[in-house]
Amino acid sequence: MKRWIRKTLMTLTLLFVMSVPLQASEVDDNTEAFLSVFELEAIDLDFHLEAFDPEMDGGYHDHGAEVDLSYIGRLKVTRGLDYQQFATFTCERSIAGNGVEGALVGALVYEKREKGIVSAHISMSTLGASGLYSETIDFAENTCQYLMMAVRTGGHTSYRVYEVTTKEAATKEFLENLEVRFMNEKEDDVVTVPKVLLPATTKIEF
Amino acid sequence: MRYIADFIKGILLVVLIATSIYQTGKLWFEETSDRNFFYDILARKTERVQVISTDGRFIKADQVGVYVGTDDVQYTVIGSGATAYRSIEDALLKSIATILNSGTYVGPIKDADMDLKEHLVLTTPFAYEGEELKKGLGVTTSEMDAIASTRAFFLVPALKEGSAVSLYVESDSSDDVHFFQINSQALTIENEMLTYYMQRIIEANNNSAYISTTDYDLSYFDRTVLLPVQNKEIRYHKEVFWRIPYVQQGQIDYEGVRAVATPFYANAAAVGQVDYDDSVRFRSGDITLRYSNKGLLTYEQVVEAPTSATTLNEALTVAENFGKTTLSKVLSEYYLAGYTMDDATVTLYYNMGYNGFPIVMDDEQQLVPEVRYPLEVTIMNGMVAKVNILLRDVEELLPQVEVFNTPYKEALDWLIETNGPLTTAVDKMYLGYRWHSDSEGMKLNWIMEVGGRKYFMEVGGR
C-alpha cells in the first residue's frame, strides 16, 4: 500500500514537472503572429532579459555583457528605454528613436503566466523617409510585464526584451506628498505665495 | 493813444482776415485738410516715442512651456491668449534679465548635465546675438560673452526660499549650455509667481502636450523646439474663412473705410480722405495711410533722417509700444516671426494668429506682391516709419475640438519623401493655418521651415 502511494506520488510529480515546460512554451495567437512576422522561433521563458542581434558576435548576448543599450539592431532608441529592467508609475510610455527608412519596428508587451505567454499590446510600424520611430505603449497597472522590441532590416531581425514593472498611481501620490524635513529645517521653510500677488480668481486656460 | 490802439486792432484784423483766407484756400486747393495749427504744436511734443529701457522685455517669446514631466507629456505650452500668459512671460523675462545681470555664471555645461526638475522653457522666434542680448539687458559683465547666440532659456524656479534659481541658456552655435544661478531672494516676487503658475498648470492637467526635440534627440533639429504630440485633443477649426473688410467685389466702401484710419490718428475728425478707384488715402500731419481694395493697409510716417543706426532692441521696444497703443485696435493676434536690418532701419515681420495658431502665408502664392508677412513694421530713428498690414475679417465659426492625429514623424517623413534628404537642420516646426488665397478656407498644417523656405503639410482631422 505504502509503496503504491509512493509510486503514484512519484509519477504525479514526474508528470507535473514534465508538463511545466510544455505549458511554458505555449504562446497565444497574437504573439505567434508577431513572432512569425519577425521570423523569430519562440520566446525563451528562461531568459528574463535577452537580446539578439545578428550583426553581433555570435548573435546572442545576455544582459551582463557590455553593450550599447540604446541600439536595437539599426534602431537607436533615444527615449523611453534607458534601462533593460525598470519600474514606472505611468502605464503609458512613449518610445522614440532614430532608425533607417523601411525598417520594421515592432513592440510586443506580454505577460508570463503559468500556461504560457499572453500578449497585452502589439504595435508594428514601418519607418518612413525620416527614419523616426515614435510609439506610445500601454502597460497594465501594477504588474510585471515584458516588452520585446524587434527591428527587422535587410532580412535580419534584432530584438531586445525589457522587464517593466508598473506601480500603482496611489504609491506615486503617497511618495509625492510625503514631506521630508531635515533636522535643521523649520516648518515655515516651505514657500507660500502671498495672496496679494495673485488675483482671487486666476483662471488658466489653454 | 487811441490812434495806436486802432492801429493795432487794424493790424490784428488784417492778420486774421489773411489767415482765414489762407486756411480756406488751403482747404480748397489742397488735397487734404491738415491738422489745426495748434494741434500740431501740442501733438508734436509727444509724437516722439521715447525708448524706455525695459527689463528684458525686448526679448519676445515664441513658445513658453511648462515642464509637466509625465512620461507621455513632457511640456504644456501656454497659448498667448491664455489669461496668465502675460504674467508668466513677464515674470520669466524679468527673471532672465535679473539672473544674467546679477547672477553667478557657473560655466558652460553639456545639455545632458542640466538639472531640470520642474522648470519653464522660453524659446525665441529668432536667435539673439550676444551683443544684442547684452545691450538689451544692460549687461556689462564679460561672462555673457560666452553666449554667442541663443534661442532657448530654461528656468528652474526655487521651490524653497533661500535656495537657488537656475537658468540654462542654450547655445545656438555649439552644444554647450550656459549655466547661471542666483539666490531666490533676489527674485522673490517673480520666483513665487512662477512657482505658483507652474504648479497650477501641472495640476490643471490639460491636453496640450508637447515634446522637446533635444530631449527626444531628434536628429533633424539642432536646438530645442517644442513639438505638439498627436492623439491629444486640441481646439482648432477645420477651416477658417476670411474676407477683406470694407471691400465688396473689389469696390471699396468709401464711407465705412474711415473706421480703419481712426486708431492711427490722435484726432480722427481732422483726417483728410481722398478716394481713388482701387484705394483710399488718409492724411493728417506726418502720417499718411493708404488702404487698397486688396486689403493692404500701409501706414507711413515722415521721420527725420536717421542720426544713428537702429538696434534690434530699440526696434522691438518701439514696435511693442506701437502695438499696445495702435495695432491692438486693428489686430487681435500677431506673432513675431523674424526681422531684417540695414544701417538705418529695422523691419520686423509678424504672422497673424487665430485662436492661438499662427496664420502663415505661403511664399509661393503671394496675395500682394512684395508682401511676405501679413504684418511688417519698419522702425527708423526710434520711430515707426512704415507699417504694412493685410487686413482680414474672420468669419466667426464655433471652434470644434478635434483630435489632432498627424504625428511629427509623419510630417518629417513627408518632407523628406517630397524634397529629398535634408541638408540643414529644421529651423522651425509648428502647427498653423496656411493662408494661400482668401477665397479658399485655411486649414491647419504642419509648417516646417528649412533653409529659409516654408513647407506645409495638411493635418488630417478625425
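Naming: A, B, ... by sequence-line order, numbering from 1 per chain. Only heavy atoms go into these numbers, but all of them, side chains included; no hydrogens, no water, no symmetry mates. The shown structure was predicted, so the numbers you read here are calculated from the model rather than taken from an experiment.
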Does CG belonging to A:D29 count more than 12 external heavy atoms closer than 6.0 Å? no
I need the B:D217 CG to A:K76 NZ distance, nearest 0.5 Å. 5.0 Å
Flag if over 12 foreign heavy atoms under 6.0 Å of CG, B:D175: no
Determine whether more than 12 heavy atoms belonging to other residues, nucleotides or ligands lie under 6.0 Å from atom OH of A:Y83. no
Polar side-chain atom of B:Y220 near backbone of A:L132 as donor-acceptor pair, under 3.5 Å: no
Give, for atom OG of A:S134 and atom OH of B:Y216, the distance between the pair rounded to the nearest 0.5 Å. 7.5 Å
Identify which of B:L218, B:L412, B:D413 forms the greatest number of heavy-atom pairs closer than 4.5 Å to chain A. B:D413
Heavy-atom proximity to chain A below 4.5 Å, by part of B:Y85: neither
